[in-house]
There are 2 protein chains.
Amino acid sequence: MVERSLNEHLSHLLAQANRHLSRQLTAEGVSLDQWRLMKVLSESGGLPMGKLAEELALNLPTLTKLVDRMVQDALVYRVPDPSDRRKVRMFLSDKGTSMLASQNKRVEEHEAKVEDNYGNEDAQRLKSMLESFIKQIV
Amino acid sequence: MVERSLNEHLSHLLAQANRHLSRQLTAEGVSLDQWRLMKVLSESGGLPMGKLAEELALNLPTLTKLVDRMVQDALVYRVPDPSDRRKVRMFLSDKGTSMLASQNKRVEEHEAKVEDNYGNEDAQRLKSMLESFIKQIV
DNA sequence: TATATACAGTTTCCGATTAAACAATTGCTC
DNA sequence: GAGCAATTGTTTAATCGGAAACTGTATATA
């Protein structure tokens, strides 16, 4: 049983890859979580907070405050669910929609560059491996 | 040019995978950054702050404060570099060494479980793909 | 229907992160 | 070698994140 080095640990590799990519997006003016939140809402509007938190792997208090800020900026809005008044359904505003469009462009461009450098087939395979990994770890 | 869904974006997949794994380790009593820091120091002791920040993709002020806390807990210690007095070299203490040993065990066990579920060959391939991805994106 | 229990979000309090300014040391250039 | 720029790391002030407590609503049970 040999000692494994840091680079052989999945947790480290994922942390590194995530941070570098996320930093580069921040430098492009894209906050990863805000973007992911808007993108989820554009794909399935009206999600309650709990589902959103699941989809983005954020915990609820963190999400509440992220949403507070985005409501301040008029990017999203809350609608209380009439059939269950504990629930709050979230929607993307018009401003959010156009903000999302411009950020989508930056993300797409940046990822295209990264994936080109890495090799497009490999990037594709990496993504599908991550997707099944996530399904399995959740 | 079709619109890509969130699950087809590398940035999202990496964020999800990283968060789930990191959460699970936290639940096992392992703080990912502390563990990574101790592990780097055990592999190459005496690194200056700047190198450490690079190795872990932390920015320097964050690292300074992480180290402050870990010095408080006597896990690591600072040694000013005599040949360049701007530099601070970091070392793992005895307490840090034994703490690292116990956390290594928990991380190894947890990752072994995760990798078994995912399939060991695939996990191996995922890791080497991530490794080359990181080299390329930095 | 009254009470208890579970559920969905928010708030609070404290710890952690960030960007910007700062201090100390070294290296360069004239 | 004097003055200026670059480097290494820390500090400060403001923002953000997380665990636990709390509010309000729905559901189950008697």
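So you know, we letter chains A, B, ... as the sequences are listed, proteins then strands, and number each from 1.
Along DNA chain D, the nucleotide closest to K51(B) and the one closest to D84(A) are compared, and the more 5′ of them pairs with K51(B). Toward the 5' end of DNA chain D, the nearer of the two residues P82(A) and R69(A), judged by each one's closest nucleotide, is R69(A).
Looking at D33(A) and T62(A), their side chains never come closer than 4.5 Å, going by heavy atoms from C-beta outward.
Between the NZ atom of K87(A) and the C1' atom of dC7(C) there is a distance of 9 Å, given to the nearest Å. Here the C1' atom of nucleotide dT10(C) and the CG atom of L58(A) are 16 Å apart, to the nearest Å. D81(B) places its CG atom 13 Å from the C1' atom of dT7(D), with the value rounded to the nearest Å. Here the P atom of nucleotide dT15(D) and the CE atom of M70(A) are 18 Å apart, to the nearest Å.
The shortest distance between the side-chain N/O atoms of N59(B) and the OP1/OP2 oxygens of dA19(C) is below 4.0 Å.
F91(B) and Y77(B) have parallel rings, their planes meeting at less than 30° on a 0 to 90° scale where 60° marks the start of perpendicular.
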Review item, side-chain donor-acceptor pairs of residues 131-138 of chain A, under 3.5 Å, at least two apart:
from    : atom 1 : to      : atom 2 : distance (Å)
S132(A) : OG     : S128(A) : O      : 3.3
S132(A) : OG     : M129(A) : O      : 3.1
Q136(A) : OE1    : N117(B) : ND2    : 3.4

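Qualifying ring-ring contact (aromatic ring centres under 6.0 Å, His included) partners for H110(A), counting only residues two or more places apart in sequence or in other chains: none. Looking at residues two or more places apart in sequence or on another chain, you find no salt bridge (charged side-chain N to carboxylate O under 4.0 Å, His left out) involving E55(A).
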Check: So L126(B) and L130(A), side chain to side chain contact (heavy atoms under 4.5 Å, CB included) or not? Walk me through it.
Finding: CA-CA 8 Å; L126(B) 177 55; L130(A) 283 171; 4.1 Å; yes

Checklist line | side-chain hydrogen bond (donor to acceptor under 3.5 Å, both in side chains) between Q16(A) and N7(A), worked out | finding: CA-CA 10 Å; Q16(A) 291 294 92; N7(A) 298 38; over 6 Å; no

Atom pairs, N/O to N/O, protein against nucleotides 10-14 of chain D, distance under 3.5 Å?
from    : atom 1 : to     : atom 2 : distance (Å)
dT10(D) : OP1    : R78(B) : NE     : 3.1
dT10(D) : OP1    : R78(B) : NH2    : 3.4
dT10(D) : OP2    : T64(B) : OG1    : 2.7
dT12(D) : O4     : K65(B) : NZ     : 2.9

Quick one: which protein N/O atoms are closer than 3.5 Å to N/O atoms of nucleotides 22-24 of chain D? Pair and distance per line, please.
none

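Of the N and O atoms on the side chains of D81(A) and S83(A), at least one donor lies less than 3.5 Å from an acceptor on the other residue.
What you find for H20(B) and A57(A) is that their closest heavy atoms are NE2-CB, 3.9 Å.
Against DNA chain C, the stretch residues 23-46 of chain B makes no heavy-atom approach under 4.0 Å.
Environment of NZ in K127(A): crowded, with over 12 heavy atoms of neighbouring residues, nucleotides or ligands closer than 6.0 Å.
For Q34(A) (side chain) and M70(A) (main-chain N/O), no donor-acceptor pair under 3.5 Å exists by modelled atom type.
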